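Scroll down for the structure; my scribbles are underneath it.
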Amino acid sequence: MLLADLAATSATVAATRSRKAKVAALAACLETAEDAELEVVTSYLGGALRQRRTGLGWRSLTDLPPPAQDASLTVLEVHRAFDAIASLAGPGSQGARAAAVRELFGRATAAEQQWLRGVVTGEVRQGALDSLVQEAIALAADVPVVAVRRAAMFAGSTVAVARLAFDGTDALGAVGLVVGRPVLPMLASSAGSLAEALAKLGGTAVVDTKLDGVRIQVHRRDDDVVIATRTLEDITARLPEVVDVVRRLPASSVVLDGEAMTVGPDGRPRPFQETASRTATRGASAVHVAPYFFDLLHLDGRDLHDLPLADRLAALDALVPAAHRVERLVTDDVAAADDFASRVVDAGHEGVVVKGLDVPWEAGRRGNGWIKVKPVHTLDLVVLAVEWGSGRRKGWLSNIHLGARDPETGDVVMLGKTFKGMSDRMLAWQTERFTELATVPDPRADWVVPVQPTQVVEIAFDGVQRSTTYPGGVALRFARVVRYRDDKTAAEADTIDAVRALLP
DNA sequence: GTCACCGAAGGAC
DNA sequence: ATCTGACTCATTCGG
DNA sequence: CCGAATGAGTCAGATGTCCTTCGGTGAC
């Protein structure tokens, strides 16, 4: 298949808003793919390279050669080119990488260059990602989507099952959990309160402690252990303590789901930054990370993932010592659940995850089987500047810079940005408002538009963390706009001290 | 030749 | 990670 | 009983903070 064909379907997909039309276009493309290129085509249609890392980003693509007149690149040639680029390392590799990029892009037409740039930066923006590709595979291979999704969950990716889908539903059905091969993680949706979460599940539910660490999936067969993150990155070598814990379990093969976290000598969880830093470093480290499990998918040759949660938890409890399990409450009572959640938060944890007792373990979507509930903080902050948006927010002032009042100096101290929580109406309002408040003669001239620090905005966020980026030494986690507060002046905004007081 | 520093990439949430 | 808007499918409402 | 309105479930896209690793480069 020519890259040009792929770029053309991407353009077709981007041109329509109808999902069905997108799926149809993707399926038509998949049908024309040769067997040998099916995996690459599948990956490319989903807007992703097959290489996890290439060393390329937006910066490496700043000066590209002029496009070719005629389309000649094949999909497989492109794949091999990225393989070569990805394997480059060591002194001089950046130069070699740049040369390889020039070579590849020089052979691409203008349309192909645009598509290539998109995959490299992960911004194809055709309105279709993995999920629609799964539907397209189902359509092209004439198999049920659920079969494709299920196989992809066990195989760890859609790409891995694309070819199998064309062998039929039975072939997909034969894909199962293999100890040692990470599966796509089950994700949680969220709710604003325990009452809401329990109501959604109806009846008795499990209320699990939600730890502020890194999600881990651990596979063990005899002494072989594999630890994978949420995106299935293998971090086994970085967490020897976790390997030890799992090797000591009285079983020959297990697949566990849990969270890795560091705990202080006082028994309280350390800030997320510490466990994240530890799990990211490859060498030795003084920081100790321990696993806390909340699910068991496989035990000694028996798959448990299809069993109700209640059964999986019984098996978990029998296998894993309490010290390496997440604390939980099983209840149908909102007051009891609320009480448990506040104790959990007081103990320094992030919140809770409410789970249906009869729900099987199922990856691939954020269903209502697991619902997270986290406390939300709120502050009234001052807008210091705004950035022009891109994509669907082009032409709107979008990302706002936030600051808190410093009563000592009278200044407003910046502590982060946010673009979340804004409706289109709010976006329209704020581009008008901040254009008026701009302190530069032509607000359209620059990406960042400074404004008079007078507009107060109510911001919701999950927590506060230490920062080396921002002058106040603190930054907000997951800040989002609740509403603009025209009833408050900047002098009434919250202070930087109030923010620092929230530091864990 | 080494070392400190910087920016990009990539990955956690 | 969070949040909004858009597309689909299913159900309810109005005549 | 039929078509329109409404609601629930999903998906994609916009873009956040922090941290580590690695190559390039300038200072000595």
Side-chain angles (χ1 to χ4, degrees), chain A residues 13-14 16-23 46-47 52-60 62 88-98 120-135 187-190 200 210-216 229-233 235 238 259-260 271-283 285 350 364-368 372 374 376 387 389-394 396 398-402 415-427 459-470 474-482:
Chain A
V13 168
T16 175
R17 275 178 163 171
S18 159
R19 286 192 205 187
K20 294 184 119 184
K22 286 178 194 286
V23 169
R52 186 156 187 145
R53 56 198 310 161
T54 56
L56 258 30
W58 64 273
R59 192 62 210 266
S60 342
T62 38
L88 262 15
S93 60
Q94 300 232 353
R97 211 183 302 274
V120 167
T121 57
E123 296 178 326
V124 168
R125 287 174 216 197
Q126 56 182 11
L129 293 172
D130 205 46
S131 210
L132 292 200
V133 173
Q134 288 177 334
E135 285 188 36
L187 304 173
S189 58
S190 56
K200 265 190 191 162
K210 185 178 195 307
L211 303 185
D212 196 4
V214 172
R215 179 89 176 263
I216 50 168
T229 61
R230 213 175 87 106
T231 60
L232 273 33
E233 171 116 318
I235 54 165
R238 294 180 227 169
E259 194 91 357
F272 171 76
Q273 284 158 300
E274 281 182 35
T275 114
S277 148
R278 170 64 173 75
T279 50
T281 103
R282 284 152 210 278
S285 165
E350 208 187 353
R365 58 198 184 86
R366 281 176 197 279
N368 278 331
K372 58 186 161 192
K374 301 193 270 186
V376 175
E387 295 174 15
S390 63
R392 79 176 294 283
R393 293 204 178 176
K394 200 178 174 73
W396 275 333
S398 172
N399 203 359
I400 59 178
H401 295 198
L402 305 166
L415 39 72
K417 311 177 190 178
T418 187
F419 60 94
K420 293 173 188 147
M422 294 152 184
S423 61
D424 285 3
R425 212 175 141 193
M426 203 181 275
L427 248 7
I459 297 292
F461 58 99
D462 281 18
V464 164
Q465 59 194 335
R466 287 185 196 286
S467 171
T468 50
T469 308
Y470 291 108
V474 284
L476 305 180
R477 260 230 276 185
F478 312 135
R480 58 253 189 204
V481 170
V482 177

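First the proteins, then the strands, lettered A, B, ... as listed; each starts at 1. Nothing here was measured: the structure is a model prediction, and the numbers come from that model.
- A/Ser390 has a side-chain polar atom (N or O) that falls below the 4.0 Å cut-off from OP1 or OP2 of D/dT15.
- Residue A/Arg230 has its side chain nearest to C/dA1 when only D/dA12, C/dA1, D/dT17 are considered.
- Side-chain N/O atoms of A/Gln273 include one lying less than 4.0 angstrom from OP1 or OP2 on D/dC19.
- Using a 4.0 Å heavy-atom distance criterion, A/Thr229 is classed as a sugar-phosphate-only contact.
- Between A/Ala479 and A/Thr418, the shortest heavy-atom distance links the atoms O-OG1, 2.6 Å.
- Each of A/Ala280 and A/Glu350 was assigned the nucleotide of DNA chain B with the nearest heavy atom; the assignment lying further toward the 5' end belongs to A/Ala280.
- Closest approach of A/Ser285 and A/Arg278 over heavy atoms only: OG-CD, 3.3 Å.
- In terms of heavy atoms, A/Glu259 sits closest to A/Leu211 at OE2-O, 3.2 Å.
- With a 4.5 Å cut-off on side-chain heavy atoms, A/Leu415 and A/Val464 do not count as touching.
- We find that CD of A/Gln126 is positioned 17 Å from C1' of D/dA14, with the value rounded to whole Å.
- Atom CZ in A/Arg466 sits about 12 Å away from atom P in D/dC18, given to the nearest Å.
- Evaluation of the side-chain contact (heavy atoms from CB on, under 4.5 Å) rule for A/Glu135 yields A/Val23, A/Leu132, A/Val145, A/Arg149 as partners, not counting sequence neighbours.
- Residue A/Glu123 is out of contact with every strand shown, counting any heavy-atom pair closer than 4.0 Å.
- In this structure, the salt bridge (charged side-chain N to carboxylate O under 4.0 Å, His left out) partners of A/Glu233, at least two apart in sequence or on a different chain, are A/Arg52, A/Arg238.
- Take A/Arg392 and apply the salt bridge (charged side-chain N to carboxylate O under 4.0 Å, His left out) test, not counting sequence neighbours, and it matches A/Asp424.
- In plain terms, the two heavy atoms of A/Asn368 and A/Ser189 that are nearest each other are OD1-OG, 3.3 Å.
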Quick tally for nucleotides 23-28 of chain D: nucleotides whose base has a protein heavy atom under 4.0 Å get B, sugar-phosphate-only ones S, the rest -, giving SS----

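- With a heavy-atom cut-off of 4.0 Å to chain A, the contacted part of DNA chain B has its first and last nucleotide at B/dA8 to B/dC13.
- The side chain of A/Asn399 contributes an N or O atom lying less than 4.0 Å from OP1 or OP2 of D/dG16.
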With sugar-phosphate taken as primed atoms, P, OP1 and OP2 and all else as base, the protein-contact string of nucleotides 2-9 of chain C at under 4.0 Å (heavy atoms; B, S, -) is BSSSBBSS

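- Residues A/Phe478 and A/Lys374 share a closest heavy-atom pair of CE1-NZ, 4.3 Å.
- The CD atom of A/Glu387 sits 9 Å away from the C1' atom of D/dT15 (whole-angstrom rounding).
- Within the 4.0 angstrom heavy-atom criterion, only backbone atoms of the sugar-phosphate kind lie near A/Ser467; the bases stay farther away.
- The side-chain heavy atoms of A/Asn399 and A/Arg393, taken from C-beta on, include no pair separated by under 4.5 Å.
- Spacing between atom CD1 of A/Ile400 and atom C1' of D/dG16 amounts to 12 Å, rounded to whole angstrom units.
- Between A/Met426 and A/Trp396, every side-chain heavy-atom pair lies at or beyond the 4.5 Å cut-off.
- A/Ala475 comes within 4.0 angstrom of the backbone, heavy atoms only, and of no base.
- Between the C1' atom of D/dC18 and the CD atom of A/Glu274 lies a distance of 13 Å, rounded to the nearest Å.
- Contact annotation: the side chain of A/Asp212 approaches that of A/Arg477 to within less than 4.5 Å [non-hydrogen atoms, C-beta and beyond].
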